[in-house]
Amino acid sequence: MLSYQHSYHAGNLADMHKHGALAWTLAYLTRKEKPLSYIETHAGRGIYDLTGPEATKTGEAAQGIGAHASWFPADHPLTLARNATAPLYPGSPAIALHLLRASDTVHLAELHRGEHAALSAWAGRRAKVYKQDGFALAHALCPPTPRRGLLLIDPPYELRSDYSDIPRHIAKLHRAWNVGTVLLWYPILANPAHKEMCSALLTLSEDSFCHEVRFPPARPGHGMVGSGLYVLRPPYGLRDELARLAGCFATL
Ligand code: SAM
C-alpha cells in the first residue's frame with residue numbers, strides 16, 4: 001500500500017537538509033565537464049505548491065523553507081533551483097533537472113500512480129521516468145552509463161523492514177557501481193529504528209558517513225525529531241557544507 005504523499009511534507013526541515021546536500025553535491029559533480037548519471041529510487045511528483053491544501057494542512061513548509069530560506073545564500077545551488085521553479089518548490093527531481101546538463105542522464109523511479117503521472121507530465125523528455133520499484137530500477141541500471149554520477153535514495157519508510165533491507169540494497173549497489181556517490185535520506189524518530197541501519201551502512205566503506213540534524217517535532221506528538229543522511233563516496237567539501245547546515249539547525 002502506498003499512502004505516503006510528499007505534498008504534505010515538501011519544503012519541511014528534513015527537505016532542507018536533504019535538498020541542501022543534494023543541490024550542493026550536484027553543483028560539485030557538474031564542475032567537471034564529463035557527463036554523469038543521476039538515478040533516483042523514490043522521486044515523488046517533482047515539484048510542489050507550498051500554498052496548496054496539503055502543505056498548508058501540515059504547516060511543515062512554513063516551519064521549514066518558509067521560515068529559514070536565508071540558511072541558503074543567494075548563490076547556493078538550492079536557492080538557484082528554487083528561483084528557477086518559483087513560485088513552486090523544487091522536489092529532488094526538479095533540483096536535479098535544474099542543476100544537471102543536457103549531456104547528463106536522469107533516471108527517476110516513482111511507484112505511486114498519481115505521483116508517477118504528475119512526475120511524467122512535468123518532466124517530459126528531460127528525464128527517463130519509470131513506474132517501477134526504485135531499488136529494482138537501481139539494481140537494473142548499476143553500473144550506469146555514464147559511469148560517474150549520483151544515486152539518491154529517499155524512501156517513505158512506511159515498512160519497518162525498510163531499515164533492514166536498505167543496507168542489503170546499498171551493499172549490492174556498492175559492489176555493482178564502485179565509483180558512484182550514494183545519498184540516502186532517513187528520518188530520526190523518537191524510537192532508534194535508524195541506528196542499527198546506520199551501523200550496518202557504515203561497515204560498507206570507510207569512504208562513507210552519516211550526518212544527522214535535530215529539530216522540534218512539526219506538531220505535538222509528531223514522530224520525526226530529526227533528519228539523517230548517509231553518504232557513500234562523498235564529494236570533497238560536502239562534510240563542510242553539512243557542518244555549515246548543522247550550525248543553522250542548531251539555532252532552532
Ligand atoms: N525524493 C522526493 C523529493 O525529495 O522531492 C520525495 C520522495 S517521497 C519521500 C517518497 C516517494 O516514494 C513517494 O512519492 C512514494 O510514492 C514513492 N514510493 C514508495 N515506494 C516506492 C517504491 N518501492 N519505488 C518507487 N517509489 C516508491
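Ligands are counted one by one from 1 in listed order, and the atoms in each one are counted from 1 as well.
With sequence neighbours excluded, the residues that form a side chain to side chain contact (heavy atoms under 4.5 Å, CB included) with Pro192 are Lys195. The ring-ring contact (aromatic ring centres under 6.0 Å, His included) test applied to Trp71 returns His68, Phe249, not counting sequence neighbours.
Annotation: salt bridge (Lys or Arg N to Asp or Glu O under 4.0 Å) contacts involving residues 114-137, sequence neighbours excluded, comprise Arg45-Glu115.
In this structure, Leu202 and Cys210 approach most closely via the heavy-atom pair CD2-N, 3.9 Å.
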Dump the pairs for me: ligand 1 N or O, protein N or O, distance under 3.5 Å, to 0.1 Å.
from     : atom 1 : to     : atom 2 : distance (Å)
ligand 1 : 1 (N)  : Glu40  : OE2    : 3.1
ligand 1 : 1 (N)  : His42  : O      : 3.0
ligand 1 : 1 (N)  : Ser92  : OG     : 2.8
ligand 1 : 1 (N)  : Asp154 : OD2    : 2.7
ligand 1 : 4 (O)  : Lys18  : NZ     : 3.0
ligand 1 : 4 (O)  : His19  : NE2    : 2.8
ligand 1 : 4 (O)  : Ser92  : OG     : 3.1
ligand 1 : 4 (O)  : Asp154 : OD2    : 3.3
ligand 1 : 5 (O)  : Ser92  : N      : 2.9
ligand 1 : 5 (O)  : Ser92  : OG     : 3.3
ligand 1 : 14 (O) : Glu110 : OE1    : 2.8
ligand 1 : 14 (O) : Glu110 : OE2    : 3.3
ligand 1 : 16 (O) : Glu110 : OE2    : 2.6
ligand 1 : 23 (N) : Asp133 : OD1    : 2.7
ligand 1 : 24 (N) : Gly134 : N      : 2.9
ligand 1 : 26 (N) : Leu111 : N      : 3.3

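Counting heavy-atom neighbours within 6.0 Å of Arg160 CZ, excluding the residue itself, gives a total of 12 or less.
The aromatic rings of Trp24 and Tyr28 sit parallel to each other, their planes meeting at less than 30°, with 60° as the upper class boundary.
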